[in-house]
Structures are given as C-alpha cells and as structure tokens.
Q: 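Pasting a structure here, questions to come.
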Amino acid sequence: MNKLTTAFQKNRSYLTALFLSIVTALILGAILMLITGYNPLAGYAAMLKGVFGNSRVFGNTLAKMLTLCLTGLAMAVCSKAGMFNVGGEGQLFLGGLAATMVGVCLEGISPIIAVPLAFLSAAAVGGFYAWIPAMLKVKLNVSEVITTIMLNSVAIYLCTYLTNSGGPLLTDDRGVLGGTEAVPDPFMFSQLIPRSNLSTAIIYSAAIAFICWYVMKKTTMGLEMKITGENSRFAFFSGLKKDKIMVLAMVASGAICGLVGMFEVYGYQQRFMDSISNEFYYDGMLVAMIMNYNPLGIIIMSFFFAVVDIGAGAMELSIGISGELSDIIFAIIIFLMAAEGGITKFLNERKARKEAQK
Amino acid sequence: MEQLAQVFNIGLLQNTLRTATPVILAAMGGLLTEQAGIMNIGMDGMILMGAFVAVAFSYACASASMGVLMAVLIGILVGIFFAIFVVKLKSDEFIIGMALNTFAGGLTVYLLRSIFGVKGTFSDAGIVSLPTVHLDFLDGIPVLGPLLNDNSIFVYITWVLVFLTWLFLYRTPYGFWLRAAGEHPESLETAGISAQKMKLIASIMCGVFCGFAGAHLSLGYLTMFSEGMSNSRGFIAFACVIFGMANPPKVFLAALLFGFLQALGLRLQNVGVPADITSIIPYLATILMLVYVVVAGDRKKKNKAKKELKNIN
C-alpha cells in the first residue's frame with residue numbers, strides 16, 4: 001500500500017491531467033449530444049444502465065475490458081522496444097481463425113490436448129504475422145507502421161473470403177449465413193456469468209497481463225527492451241542485440257493479438273466469423289497511448305474504456321444515439337492529454353528561459 | 001483468350017484513372033508534409049472528414065461546388081488542428097495521427113446517424129455529384145478519346161495540381177523554405193524564416209488536398225457517403241509518398257500504379273475471381289513497393305560509394 005501511495009505521488013500531475021481530460025471529454029461528448037438534439041443526461045444514464053444494469057451486461061463489460069487490456073498490452077510490449085505494431089487487427093483475425101480450425105479439426109480428442117494446441121496455433125500464427133513486418137523493419141528498414149496497416153487489410157479480406165459463401169472454410173450448417181464450423185462444446189471455455197460473454201478466458205488473460213507486467217517491469221529483458229526503444233544507438237553500443245529484441249517484442253505483441261482472437265471464439269462466439277473484431281485493436285492502441293504504454297495503467301484504463309464502449313452500444317439500442325460516441329470521447333482524451341503534455345513542456349521551457357535571463 | 005480480353009481492355013485504363021485520383025490527391029498533400037519533416041499518418045481521417053462534409057453540403061445546398069468548398073474548409077481546419085499538436089505542442093506524430101483517424105471515423109458515423117438518420121451508408125438522389133467533362137475534339141481519337149473523355153472533373157484538376165505542386169516545391173521560394181524546414185530547420189531559422197510556420201503551411205495544404213480527395217471520393221468517384229469509405233487510402237497515399245521519395249511526378253506515377261492494381265482487381269472480379277481476393281492486391285502491392293524502393297535505394301547508395309572509392313584510388 002505504501003508503495004502505491006508513492007507511485008501515486010510521483011505521477012500526481014499526470015493523474016490529475018488524466019482525470020481532468022476524461023471529465024472534459026465527457027463534457028464535450030455531452031455538448032455533442034446536445035447539438036445533435038439528444039439529452040446528454042439520458043444518454044449517460046443509458047450508458048451506465050447498459051454497463052451496471054444487470055450481471056449479464058456487466059459480464060460483457062468485463063469481457064470487453066479483457067480484450068482491450070490485452071490488445072493494449074500488445075501495443076505496449078512492442079512500443080516499449082521502439083516498434084509500432086498497428087497490425088494487431090490482422091494478427092487477431094488470423095490467430096482466431098487458426099485456433100478455430102485447430103479446434104474444429106480435433107473434434108473428439110480430449111480437451112486437455114486440443115485446447116493447448118489451439119493456444120499454440122493462435123500465438124504462433126499471430127506471432128508469425130507480426131514477424132514478417134518486424135523482419136522487414138530490422139533487415140531492410142521498411143517502416144513497420146505502413147506494412148502492418150497493409151497486412152491488416154490483407155488478413156481481414158483473406159478471412160472474409162475464407163469464411164463466407166464461396167470460401168473453402170464456410171460451415172455446412174443450415175441457417176448460418178457466414179463463419180466456420182463451430183468449435184466443439186467440450187473445448188469452449190466455461191461461462192462465468194450466465195448468458196454473458198465473460199468466460200474463464202479471464203484467467204488466461206490475467207496470466208498474460210501479469211507476465212507482460214512482470215517481464216516489462218521486473219526483468220533484464222524488460223530493461224533491455226526499454227533501452228532499445230528509448231535510444232537504439234545507446235543499446236547498440238551497450239552490446240545489446242537490439243534487432244533481436246525488437247523482433248522478439250513484435251512477435252510477442254502479435255502472439256498476444258492472436259490469443260485475443262482465440263479468446264473471442266472460444267470465449268463466446270464459438271464460430272470464427274469475419275465480424276470477430278470491430279477494430280478492437282485500435283481501441284486497445286488508444287488505451288496504451290493514453291497510459292504512456294505503462295502496463296499497470298493500461299489494465300486500469302481498459303476498464304474505463306470498456307464501460308464507455310459497452311455503454312455506448314447500449315445507448316445506441318435504447319435511445320438511438322450512435323455508439324460511435326465512444327470513439328469520439330477516446331480520441332478527445334488523447335488530444336487533451338497530448339495538449340496537456342505540450343503545454344506543460346511549453347510553460348517549463350518559458351520558465352527556464354526566464355530564469356536563465358536573470 | 002476471351003477472358004483475357006475481358007480484363008485487359010480500355011475499361012481497365014479508365015478504371016485506373018478513376019481509382020488513382022483520390023490517392024494522387026491525398027499523396028500530393030502527404031508529400032508536402034513529408035518534405036516539411038512531418039510524418040503524417042492522419043491523412044485517412046482527413047479524407048474521411050472531407051468526404052462526409054462534401055456529401056452533407058452537396059445535399060443540403062443542392063450544389064456540388066458548395067460541397068467541395070466546405071470540404072476544403074474542413075481540410076484547412078483539420079490541417080491547423082494537426083499542426084497545433086504536432087508542430088506547436090510537439091506531440092508524437094504517430095499518436096496524433098492515429099487519434100485523428102479514430103476521431104474522424106467516430107465523428108462521421110455519429111453525424112451520419114444523428115443528421116441523416118442512417119447507419120452505414122447515405123445515398124440519396126438529392127446529393128449533387130461533380131460534373132464530368134466532355135471534350136469534343138477527342139471524340140474521333142480511338143484510345144485516348146474514350147480514356148480521357150467523360151471523366152469526373154477532379155481527374156483533370158488533379159493533373160494540374162500535380163504540376164502546380166511541383167512548381168510550388170521546386171520553383172518558388174516558399175517551396176524551397178518548406179523543403180528546408182524538413183531538411184535543415186536550423187539553417188532556415190538562421191536565414192530568418194520560421195520553420196514552424198512552414199510546417200504549418202504544409203499541414204494546411206495537406207488538409208486541403210485531403211479535402212479534395214474526400215470530395216472526389218464521395219461526389220466524383222461515387223455519389224454517396226459510407227462508413228470508413230476512405231478504406232486505408234490515406235495510408236496507401238503515405239506509402240506512395242515514400243515510394244516516390246516525396247517527389248510530385250514520381251509520387252504521381254506510384255499512385256497511378258496503385259490505381260492500376262486496384263482497377264485490375266475490379267476487372268478480375270468480372271471473370272469470377274472472388275472480390276475479397278482481388279481486394280488484397282493493392283495492399284500486398286504496397287508492401288512489395290516499399291520493400292523494392294528500400295532495396296533499390298540501398299543498392300544505388302552502395303554503387304555510388306563504390307564509384308567514389310574507385311575515383312579516389
């Protein structure tokens with residue numbers, strides 16, 4: 001507890017700024033609702049009801065939090081090492097598809113063997129899909145930002161083709177419009193809150209989150225990553241294998257995204273459909289950016305994001321305000337945080353200059 | 001053979017021009033910011049906002065030119081907004097760019113829903129599209145006639161703009177200062193010209209170009225607005241800027257190549273290749289293009305160094 005208070009005091013100005021940014025963003029969201037002819041109080045009330053109204057929706061919110069938390073950590077892991085993985089969406093799609101197909105093909109085998117294999121395949125495929133842009137960056141110095149964005153579109157179109165009419169992986173089940181065969185019931189994670197999306201994936205997610213935090217904050221590996229990300233020349237002259245670290249960070253990021261895809265299917269969707277993710281990774285990226293890629297911060301912030309995101313969806317259903325309001329609020333928070341950082345820097349510089357003149 | 005004729009015909013070239021135009025426009029804006037030393041990955045959002053505003057005002061005022069005008073205006077505003085963060089407050093370009101894309105995606109869908117009451121796509125007979133241009137003297141010429149005639153007006157404006165961008169960058173003092181702001185900001189400051197101001201100008205011009213690109217997308221290429229209709233074109237434009245080394249004619253050719261590949265994909269759908277597969281082509285090609293430009297650049301440098309070494313010996 002003592003440690004926590006010191007950590008809080010150290011980051012007090014940052015946390016205050018964050019709190020004010022969130023409040024301002026919510027107020028701006030309210031103004032937007034007013035302008036477009038809705039009652040903001042009713043809007044936010046519907047949002048809260050859609051999150052805390054009953055155990056089912058709250059379970060959905062927690063499930064959403066896990067997704068955001070893992071995608072956010074995936075972003076943090078590679079960013080710390082100086083790589084920007086914008087391709088998590090594609091890694092999520094391919095990882096999810098791979099895990100689903102493993103599950104479908106191994107029907108009848110004991111889950112003790114099949115489920116770990118599904119884990120492995122999701123992580124391997126996601127990791128491999130991140131390895132490609134990582135190698136292009138390290139060996140040829142091709143910007144990983146652009147290649148990962150392009151690979152997103154490639155993966156999503158490919159999965160859409162494979163799992164829709166005309167595609168080879170489309171299910172034979174009648175009455176199902178698109179998607180693969182269903183993962184056999186014994187392989188599915190068990191539900192923690194009935195009829196909600198929350199499953200035992202929460203345990204695996206917590207384990208992954210803990211490993212991420214531990215590796216980044218408590219091991220030499222994490223320190224080496226940080227050095228590489230902050231100053232790659234220094235890392236090089238310190239004798240660190242920076243290329244290897246960068247590739248490894250990227251692959252780890254991709255593997256986490258692949259697992260997120262698997263959790264979506266094994267947690268509740270049961271089939272892989274091209275609607276598996278609605279830009280989940282981009283939301284996770286925003287969480288990571290707001291929290292400065294700090295793992296503990298990401299875990300906490302993803303809860304707030306999940307509340308706004310699930311709440312906005314409920315708001316759309318109940319009073320017709322577009323759920324995209326959540327994206328607007330998230331973006332505004334980032335702009336405000338960026339502005340705050342810039343203004344503080346600007347003021348400090350001016351103060352220093354004045355003192356220098358004295 | 002018949003199938004081949006179905007793919008490779010005059011329609012392929014016509015489609016190339018049409019699909020390349022929005023990318024060319026955005027890429028012209030992108031190369032200006034690139035020359036000024038700003039990594040601009042927010043172009044996708046800028047295009048999206050331009051497209052939305054163009055459709056909204058074309059519908060509201062029953063005038064396509066009003067739509068374009070407002071798209072340009074919003075482009076200027078977004079350009080200033082981007083510059084405040086990236087140039088003045090020195091925020092991370094990557095974060096601001098990504099946030100801008102998310103913001104644009106969210107805001108356009110939100111407004112689509114609350115103003116027009118539709119989800120996903122807004123198309124209405126009330127949206128006035130941009131006029132097409134018909135030049136009588138081209139009528140008799142076999143290939144060029146059908147290719148260059150009856151295109152949306154922005155196709156022609158784009159060619160002029162590519163030339164003007166080149167003229168601006170390499171033949172005016174402002175262009176010189178703008179390039180200096182990216183390459184040697186300190187020297188520029190020493191010469192008494194504010195590098196920040198040049199970056200602001202580049203950012204605003206990029207906003208205007210992206211506004212054009214959006215207006216063309218929603219009023220020229222199609223006559224509607226749909227959710228996320230920029231479809232990563234801003235990122236492809238960014239890749240074209242890198243591929244063309246931020247040089248207007250080269251970037252223009254890179255964007256044309258992209259347009260050709262996308263058109264090829266559209267044509268292949270006619271002979272039974274699934275649409276989702278052909279959609280992959282331009283994205284995959286962009287990656288290959290980037291790899292090529294880096295490898296070729298390296299080789300050039302090496303050869304040059306070898307030559308110089310020979311001269312010394």
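Quick caveat, the model's predicted, so the values are computed rather than measured. Letters go in sequence order (proteins before strands), and every chain restarts at 1.
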Q: Given the options A:G320, A:G166, A:G323, which has more heavy-atom pairs under 4.5 Å with chain B than any of the others?
A: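 Highest number of pairs under 4.5 Å: A:G320.
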Q: Nearest heavy-atom pair of B:A99 and A:A331: which atoms, and what distance?
A: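 Result for this residue pair: O-CB, 3.7 Å.
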Q: Please classify the contact of B:N101 with chain A as side chain, backbone, both or neither, using a heavy-atom distance under 4.5 Å.
A: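 Neither part, no heavy atoms under 4.5 Å.
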Q: Starting at CD1 of A:I156, measure out to OG of B:S279 and round the result to the nearest 0.5 Å.
A: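 A:I156 CD1 to B:S279 OG: 12.0 Å, rounded to 0.5 Å.
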Q: Is B:V291 in contact with chain A via its backbone, its side chain, both, or neither, using a 4.5 Å heavy-atom distance?
A: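 Contact with chain A involves both backbone and side-chain atoms of B:V291.
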Q: Side chain, backbone, both or neither: which part of B:S114 has a heavy atom under 4.5 Å from chain A?
A: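 Interface part for B:S114: both.
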Q: Decide yes or no for B:D298 and A:L140: does some side-chain heavy atom of the first lie under 4.5 Å from some side-chain heavy atom of the second?
A: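 No. Closest side-chain heavy atoms not under 4.5 Å.
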Q: Just wondering, are more than 12 heavy atoms of other shown residues or ligands nearer than 6.0 Å to CD in B:E189?
A: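 Yes, the 6.0 Å shell around CD holds more than 12 heavy atoms from other groups.
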Q: Roughly how far, to the nearest 0.5 Å, is CG of A:L158 from CD1 of B:I280?
A: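 Atom-to-atom, B:I280:CD1 and A:L158:CG are 5.0 Å apart.
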Q: If every non-hydrogen atom of B:A239 is compared with every non-hydrogen atom of A:I146, which pair is closest and at what distance?
A: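 Looking at all heavy atoms of both residues, the shortest contact is CB-CG2, 3.9 Å.
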Q: For the CG atom of B:L111 and the OG atom of A:S322, what is their distance to the nearest 0.5 Å?
A: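 Here the interatomic distance stands at 9.0 Å.
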Q: Side chains of B:Y110 and A:T36: does their closest heavy-atom pair fall under 4.5 Å?
A: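 In contact.
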Q: Please classify the contact of A:I35 with chain B as side chain, backbone, both or neither, using a heavy-atom distance under 4.5 Å.
A: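 Neither part, no heavy atoms under 4.5 Å.
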Q: To the closest 0.5 Å, what do you measure between CD1 (B:I287) and CE (A:M150)?
A: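 Between B:I287 CD1 and A:M150 CE, I get 7.5 Å after rounding to 0.5 Å.
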Q: Please report the interatomic distance OG1(A:T147) to OH(B:Y283), rounded to the nearest 0.5 Å.
A: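 A:T147 OG1 to B:Y283 OH: 15.0 Å, rounded to 0.5 Å.
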Q: Determine whether the side chains of B:T278 and A:Y157 contain a donor N or O and an acceptor N or O closer than 3.5 Å.
A: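 No, because no side-chain N or O of B:T278 sits under 3.5 Å from a partner of the opposite role on A:Y157.
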Q: So what's closer than 4.5 Å to chain B heavy atoms on A:Y38: side chain, backbone, both or neither?
A: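 Contact with chain B involves the side chain of A:Y38 alone.
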Q: Can you list the residues of residues 77-94 of chain A that sit under 4.5 Å from chain B, counting heavy atoms only?
A: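 Residues A:F84, A:V86 are the ones that qualify, each having a heavy atom under 4.5 Å from chain B.
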Q: Please classify the contact between B:T102 and chain A as side chain, backbone, both or neither, with a heavy-atom cut-off of under 4.5 Å.
A: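 The answer is both parts of B:T102.
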Q: Most heavy-atom pairs under 4.5 angstrom with chain B, which of A:L162, A:N164, A:V145, A:I333?
A: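 With the most close heavy-atom pairs to chain B, the winner is A:V145.
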Q: In terms of heavy-atom proximity below 4.5 Å to chain B, should A:L325 be classed as side chain, backbone, both, or neither?
A: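 It is both, since atoms from each part get that close.
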Q: If I measure from the heavy atoms of chain A, does B:L100 come under 4.5 Å with its side chain, its backbone, both, or neither?
A: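 For B:L100, heavy atoms of backbone and side chain both lie under 4.5 Å from chain A.
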Q: Measuring heavy-atom distances to chain B, does A:M337 have an atom under 4.5 Å in its side chain, in its backbone, in both, or in neither?
A: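 No part of it gets close to chain B.
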Q: Under 4.5 Å heavy-atom distance to chain B, tell me which part of A:I149 shows up: side chain, backbone, both or neither.
A: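 Side chain only.
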Q: Counting heavy-atom pairs under 4.5 Å to chain A, which of B:D276, B:I95, B:T286 comes out on top?
A: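 The candidate making the most pairs under 4.5 Å is B:D276.
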Q: Quick one: closest heavy-atom pair of B:V294 and A:N141, and the distance?
A: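 Closest approach of B:V294 to A:N141: CG2-O, 4.3 Å.
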Q: More than 12 heavy atoms of other residues, nucleotides or ligands under 6.0 Å from CZ of A:F128: is that the case?
A: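 Open: at most 12 neighbouring heavy atoms sit under 6.0 Å from CZ of A:F128.
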Q: Given a strict heavy-atom distance threshold of 4.5 Å, which part of A:I329 is in contact with chain B: side chain, backbone, both, or neither?
A: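 Interface part for A:I329: neither.
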Q: Counting only non-hydrogen atoms closer than 4.5 Å, does B:I236 touch chain A with its backbone (N, CA, C, O), its side chain (CB onward), both, or neither?
A: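 Interface part for B:I236: both.
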Q: What part of B:F85 gets within 4.5 angstrom of chain A, counting heavy atoms only: side chain, backbone, both, or neither?
A: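 For B:F85, the contact with chain A is made by the side chain alone.
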Q: Report the distance from atom CZ of A:F335 to atom OG of B:S91, rounding to the nearest 0.5 Å.
A: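 If I round to the nearest 0.5 Å, the distance is 10.0 Å.
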Q: Quick one: what part of B:V295 sits under 4.5 Å from any heavy atom of chain A, side chain, backbone, both or neither?
A: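 Contact with chain A involves the side chain of B:V295 alone.
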Q: Hey, which of B:F235, B:F94, B:F238 has the most heavy atom pairs under 4.5 Å with chain A?
A: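 The answer is B:F94.
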Q: For chain A, which of B:L290, B:I115, B:I41, B:V293 has the most heavy-atom pairs under 4.5 Å?
A: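 Result: the option with the highest number of such pairs is B:L290.
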Q: Using the side-chain contact (heavy atoms from CB on, under 4.5 Å) definition, which of the options A:I332, A:D327, A:I334 pairs with B:F103?
A: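 That would be A:I332.
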Q: State whether B:K119 and A:E316 are salt-bridged, where the test is any N-O pair (Lys NZ or Arg NE/NH1/NH2 against Asp/Glu carboxylate O) under 4.0 Å.
A: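 Between A:E316 and B:K119 there is a salt bridge, with a charged N closer than 4.0 Å to a carboxylate O.
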Q: For the candidates B:G297, B:P282, B:P274, which exhibits the highest count of non-hydrogen atom pairs separated by less than 4.5 Å from chain A?
A: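 Going by pairs under 4.5 Å, I would pick B:P274.
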Q: Taking all non-hydrogen atoms of both residues into account, name the closest pair between B:L89 and A:A339 and its distance.
A: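 Looks like CD1-CA, 3.6 Å.
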Q: Please find the pair of heavy atoms, one from A:E324 and one from B:G105, that lie closest to each other, and give the distance.
A: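 Looking at all heavy atoms of both residues, the shortest contact is OE1-O, 4.3 Å.
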